[in-house]
Amino acid sequence: MSPDWAPAFDAVPRSDFLPDLMWPHDMATGRSVPVDKARDPQAWQRHADSNVPIVTQWDDGAHAGTTPGTSFSSSSSMPSLVFSMLADLDVRDGQRVLEIGTGTAWNAALLAHRLGARNVVTMEVDGVVAAAGRNALERFGLPLEVVHGDGFLGCPERAPFDRMIATCGLRTIPFAWVEQTAPGGLILVPWGTHYGPAEATARLLVAEDGRSASGFFTRPVAFMRMRAQRFVRPPHDAYVPTGAGDDADVSSTTVTEGEFCGTGTFAAVEFAIGLRVRDVSHVADRKRDGVRPVLFYGLTDRSWAVVVFRDDRKEATVYQSGPRHLWDEAEAAYRWWADNGRPGVERFGLTVTADGHTTWLDDPGNVLAR
Ligand SMILES: C[S@@+](CC[C@H](N)C(=O)[O-])C[C@H]1O[C@@H](n2cnc3c(N)ncnc32)[C@H](O)[C@@H]1O
C-alpha cells in the first residue's frame with residue numbers, strides 16, 4: 001500500500017461492505033468456502049479482515065443456498081490487490097474517477113473517502129449487486145453515484161473523468177473509455193487475450209490529442225471477466241469429433257510441461273504466448289497419472305492441436321489438424337519469449353485507438369500484434 005492510502009484503509013473497513021453470507025477463497029486449496037455471520041461471527045470477521053478474495057455472488061445471482069455455485073460472478077477482491085491498483089491509479093485531490101465493476105462497493109468507498117463522494121461514479125451490470133452496493137455506501141455515509149448499467153459503454157453523461165479503473169477483466173477495451181477520459185488521464189484495466197485466463201493490469205495514459213491511450217502493464221492479476229467477455233471453453237467435440245485424431249499430423253516437441261505451462265496463475269509465459277498467438281484459446285487440462293494434455297482451438301476456423309506431456313517421457317507428443325498448425329505457432333511463441341529473456345508482464349505494453357489494440361515489448365515501436 002502506498003502511504004497516501006493508509007488513512008482510507010483505516011477509515012473504511014472492508015467488513016462494512018461484505019454480505020452476511022460470503023465465500024472466502026482458501027488460498028491453499030483453491031476452493032471457496034461458505035462463511036455465515038449469523039452462525040459464526042468471529043470466523044466471518046477473521047475472513048473479512050484477511051488478505052483473500054471473497055466471493056459474494058455465484059452464477060449471476062441464479063444460485064441460492066450456502067454451498068458454492070458453479071462460477072463466481074461478483075466478489076470483493078484481495079485487499080493487497082485493491083491497494084496495489086489504487087497506487088497504480090495515482091489519483092490526485094479533486095480528480096474525478098469512474099469505476100467499472102461496483103461489486104461490494106468497498107473500492108468505490110475507498111476512492112470516495114480519498115476524493116470525496118461527488119468525485120466518484122461506479123457502474124455495475126448486475127441490478128441486485130448495484131443495489132446492495134448503493135445501500136452499503138449510504139449506510140457507511142459515502143453516498144456516491146452507483147449506476148446500474150453496462151460499464152463497457154462507460155458513463156458519457158458524467159464524463160470526462162481523470163481516472164478510469166476497471167475491477168473486472170477485459171479482452172477488448174472500448175474506445176469510449178478513451179473518449180471519456182481527459183487528455184493526460186489514466187485508464188487502469190485488467191486485460192488479457194483469448195489464449196487463456198492470464199491477464200495483467202494495463203495502465204494507459206490518454207494522449208493529449210485524445211486519440212489514443214497507451215502504457216505498460218503493471219502486474220499480473222486474476223479478475224473475473226466482464227460479463228460479455230467471459231472465457232467460454234470451445235466445444236471440444238465440434239473441433240475433434242470421434243476418430244479425428246487418426247487423421248491428425250503427429251510430431252513431438254522438446255519443450256517441457258514446466259517451461260510451457262509455467263508455475264501458477266501469475267506466470268508470465270502464458271500471457272506472453274497469448275500476445276503472439278492470435279485467435280486461439282488453449283486449455284491446460286488437469287494432470288492425471290503423470291499425463292497432462294494441453295489443447296488448442298482456433299477461433300477463426302476449426303484448427304486444433306493437442307500436446308500431451310508425460311512425466312515418464314523426455315519429449316511430448318503433438319497432434320495437429322486443420323489449416324493452422326496451432327502447436328507450431330504456440331511453440332514458436334514460447335521460444336520467442338525465452339529468446340527475449342523471458343520478460344515479465346511489466347515489459348509488455350498496450351496501445352488502444354479507435355482502430356483497435358496494439359501490443360508491444362519494451363517500447364510502443366516494438367510491435368507484437370495489432
Ligand atoms: C471483482 S468484482 C468487483 C469488486 C469491487 N470493485 C469491490 O470493491 O468489491 C467484479 C464486478 O464487475 C461486475 N461486472 C461484470 N461485467 C460488468 C459490466 N459489463 N459492467 C459493469 N460491471 C460489470 C460484476 O458483476 C462484479 O460485481
Side-chain angles (χ1 to χ4, degrees), residues 5 8-9 12-19 22-25 32 47-48 50-63 69 71-86 88-89 97-114 120-137 140 142 144-156 158 161 163-174 176-177 180 187-192 197 199 201 221-232:
W5 281 102
F9 178 76
V12 186
R14 185 197 204 192
S15 52
D16 282 39
F17 293 85
L18 291 169
M22 61 187 196
W23 295 264
H25 188 77
S32 300
H47 283 101
S50 63
N51 190 27
V52 294
I54 299 178
V55 176
T56 50
Q57 187 202 58
W58 293 94
D59 304 325
D60 296 336
H63 175 79
S71 52
F72 38 81
S73 48
S74 193
S75 67
S76 171
S77 309
M78 196 169 176
S80 55
L81 175 62
V82 169
F83 282 98
S84 302
M85 286 182 68
L86 289 172
D88 286 348
L89 197 62
V97 180
L98 176 64
E99 181 200 38
I100 311 293
T102 309
T104 64
W106 183 49
N107 190 49
L110 292 166
L111 281 163
H113 180 271
R114 173 83 190 269
V120 181
V121 178
T122 181
M123 290 189 76
E124 171 58 54
V125 74
D126 187 290
V128 174
V129 174
R134 199 177 289 119
N135 287 342
L137 288 162
F140 194 77
L142 286 169
L144 61 98
E145 186 174 3
V146 179
V147 179
H148 170 214
D150 184 358
F152 190 78
L153 306 172
C155 192
R158 296 283 177 270
F161 299 96
R163 298 285 184 268
M164 211 177 267
I165 177 171
T167 57
C168 50
L170 276 78
R171 293 170 208 285
T172 305
I173 300 168
W177 291 9
Q180 293 173 29
I187 301 171
L188 190 69
V189 46
W191 181 86
E199 61 182 10
T201 40
V221 286
F223 270 89
M224 60 183 62
R225 296 281 162 123
M226 186 170 252
R227 264 199 192 177
Q229 298 193 24
R230 284 177 180 155
F231 180 76
V232 180

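Excluded from the calculations below are hydrogen atoms, water molecules and symmetry mates; all remaining heavy atoms, backbone and side chain alike, are included. Whatever order the structure lists them in is the order used to number ligands and atoms, beginning at 1.
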For F140 and F17, take the angle between the two ring planes, folded into 0 to 90°, and tell me which bin it lands in: parallel under 30, tilted 30 to 60, perpendicular over 60. tilted
Residues in side chain to side chain donor-acceptor pair (under 3.5 Å) contact with N135, at least two apart in sequence or another chain: none
Quick check for students: name every N or O atom pair between ligand 1 and the protein closer than 3.5 Å, with distances.
from, atom 1, to, atom 2, distance (Å)
ligand 1, 6 (N), E99, OE2, 3.0
ligand 1, 6 (N), G101, O, 2.9
ligand 1, 6 (N), T167, OG1, 3.0
ligand 1, 8 (O), N107, N, 3.1
ligand 1, 9 (O), S75, O, 3.4
ligand 1, 9 (O), T104, N, 3.1
ligand 1, 9 (O), T104, OG1, 2.6
ligand 1, 16 (N), R227, N, 3.0
ligand 1, 19 (N), D150, OD1, 2.8
ligand 1, 20 (N), G151, N, 2.8
ligand 1, 22 (N), V125, N, 3.3
ligand 1, 25 (O), E124, OE2, 2.6
ligand 1, 27 (O), S74, OG, 2.7
ligand 1, 27 (O), E124, OE1, 2.8
ligand 1, 27 (O), E124, OE2, 3.4

May I have all residue pairs that pass salt bridge (Lys or Arg N to Asp or Glu O under 4.0 Å) and include part of residues 123-132, sequence neighbours excluded? D126-R227
Would you mind reporting whether L170 and P190 have side-chain heavy atoms less than 4.5 Å apart? no
Residues in salt bridge (Lys or Arg N to Asp or Glu O under 4.0 Å) contact with E199, at least two apart in sequence or another chain: R225
Decide yes or no for F72 and P53: does some side-chain heavy atom of the first lie under 4.5 Å from some side-chain heavy atom of the second? no
